Number of protein chains: 2
Amino acid sequence: MNPIVNISQQFAAQNYKLTPQREAIVKVLLDNEKDHLSVEEVYMLVKTSYPHLGLATVYRTLELLCELHIVEKMDFGDGVARYDLRGDDHAHMHHHLICNVCGRLEEIKEDWLHDLELRLEQEYGFNVTDHRLDFKGTYNTCKRNGCKGEKDCQAVS
Amino acid sequence: MNPIVNISQQFAAQNYKLTPQREAIVKVLLDNEKDHLSVEEVYMLVKTSYPHLGLATVYRTLELLCELHIVEKMDFGDGVARYDLRGDDHAHMHHHLICNVCGRLEEIKEDWLHDLELRLEQEYGFNVTDHRLDFKGTYNTCKRNGCKGEKDCQAVS
DNA sequence: TTATAATTAGTAATCGTTACGAATTAAGCA
DNA sequence: TGCTTAATTCGTAACGATTACTAATTATAA
């Protein structure tokens, strides 16, 4: 199905309207599905198709999309929130590799935590609804061309 | 070894001084080893033993401790940075369970990611220097007593 | 059309964090 | 001991991301 139509229906189902502003924002997200855009980035991109749109609307819309589980808010500790369209499927198959050298961010869409989550249920009595798994490190290919060295003290444990 | 002495040596090794202010902050961290204190919390706590200490000093000291790998900065997406003393050992055995109902935060000190990190090295050519693994969910014991329901849209993927 | 509610725009306020300049303390050396 | 220099601290101003607020606009429904 046309993703815009699909999202429009999700809006309607919760008594929200897909206004032109909201649609423009959703389109930016769809056009940049591979990225994890910050609010500022969405704002810049959306301005090309909807110049008068306000920053606050971007914030509000992303929050709404988040509430509707259409996008996912994430925080890589760089001081800005980032948003990503959330496929219907891979809620639990969504991990990140963040390169210390070039800053590149790769997504891994495999379910690596299923067994661990079973174990949490059984051993800890903890029922997982959401998780987050990020790795920081260096690509071997990056190491070769002028490594800037590891940045200290990132807000990722 | 006395942890303060140990830390004092780590300071000296990098040509930093363990001033009374810094020592007071380290003591707060040692006294609350189980918690993940925010800057504000450290600030409040340290004021009982060192009333004149300034907030900026807390920020600067925690940053320094982070640089020396004595503490670890982390971000649970609640808008404030949190800090935790970093045992010499469990750099890779440090995961979190965050309860949706009561907000309780439990630490898991087992190395659950070793195999995955090997796989990243081999399959992705990615050498992990740091990682982060947080689970959100509910404790079964919590569910029974007045569940507040799942909070939407936390900045944890 | 008119009344009501939802949405938007623009901007002020908030809040965590960082930067800055002056004051204080410590260290090195004559 | 005094003097010089560097490190550290303090208080606060500045900053940047986000949120809150008010007026204006748009849609909805009687």
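Predicted model only: the values in this text are computed from it and were never measured. Side chains included, hydrogens not; waters and symmetry mates left out as well; all remaining heavy atoms used. Numbered from 1 within each chain, the chains take letters A, B, ... in sequence-line order.
Checking C/dT8, D/dT12, D/dT18 against the side-chain heavy atoms of B/A56 singles out D/dT12 as nearest. Comparing atom distances between the A/Y50 side chain and each of C/dA9, D/dT9, D/dT18 picks out C/dA9 as nearest. Closest to the side chain of A/Y59, from the set D/dA17, D/dC10, C/dG16, is D/dA17. The B/T19 side chain lies nearest to D/dT9 when the options are D/dT12, D/dT18, D/dT9. Residue A/K17 has its side chain nearest to D/dT28 when only C/dT18, D/dT28, C/dT8 are considered. For B/K73, the listed nucleotide lying nearest its side chain is C/dT18; candidates were C/dT8, C/dT18, D/dT9.
The 5' end of DNA chain C is approached more closely, in terms of each residue's nearest nucleotide, by A/L64 than by the other of A/L55 and A/L64.
Remark: C1' of D/dA27 and OH of A/Y16 are 16 Å apart, rounded to the nearest angstrom. Atom CD in A/Q14 sits roughly 16 Å away from atom C1' in C/dA6 (whole-Å rounding). Spacing between atom CZ of B/R82 and atom P of C/dG16 amounts to 11 Å, rounded to whole angstrom units. A straight line from CD of A/E41 to P of D/dG16 spans 16 Å, rounded to a whole angstrom. Counting to the nearest Å, the C1' atom of C/dT25 and the CG atom of B/L53 are 15 Å from each other. A/L18 has its CG atom 12 Å from the P atom of D/dT28, to the nearest Å. Put simply, CG on B/L62 is 14 Å from C1' on C/dT18, counting in whole angstrom units. Taking atom OH of residue B/Y43 and atom P of nucleotide D/dG11, one finds them 7 Å apart after rounding to whole Å.
Side-chain nitrogen and oxygen atoms of A/Q21 include at least one within less than 4.0 Å of the OP1 or OP2 phosphate oxygen of C/dA9. Side-chain nitrogen and oxygen atoms of A/T57 include none within less than 4.0 Å of the OP1 or OP2 phosphate oxygen of C/dT8.
At a threshold of 4.0 Å, the pair A/D134-A/K136 does not count as salt-bridged, since none of the basic side-chain nitrogens sits closer than that to a carboxylate oxygen. Of the charged side-chain nitrogens involved, none lies within less than 4.0 Å of a carboxylate oxygen, so that A/K73 and A/E67 do not count as a salt-bridged pair.
If you take CG on B/L97 and CG on A/N127, they are separated by 11.5 Å, rounding to the nearest 0.5 Å.
Under the side-chain hydrogen bond (donor to acceptor under 3.5 Å, both in side chains) criterion, the residue pairs touching residues 17-31 of chain A are A/Q21-A/Y50, A/E23-A/K27, with sequence neighbours excluded. Identified under the salt bridge (Lys or Arg N to Asp or Glu O under 4.0 Å) test for residues 37-48 of chain B, with sequence neighbours left out: B/E41-B/R82.
Residue side chain A/R60 reaches the base of C/dA9 through a donor-acceptor N/O pair under 3.5 Å, judged by distance alone.
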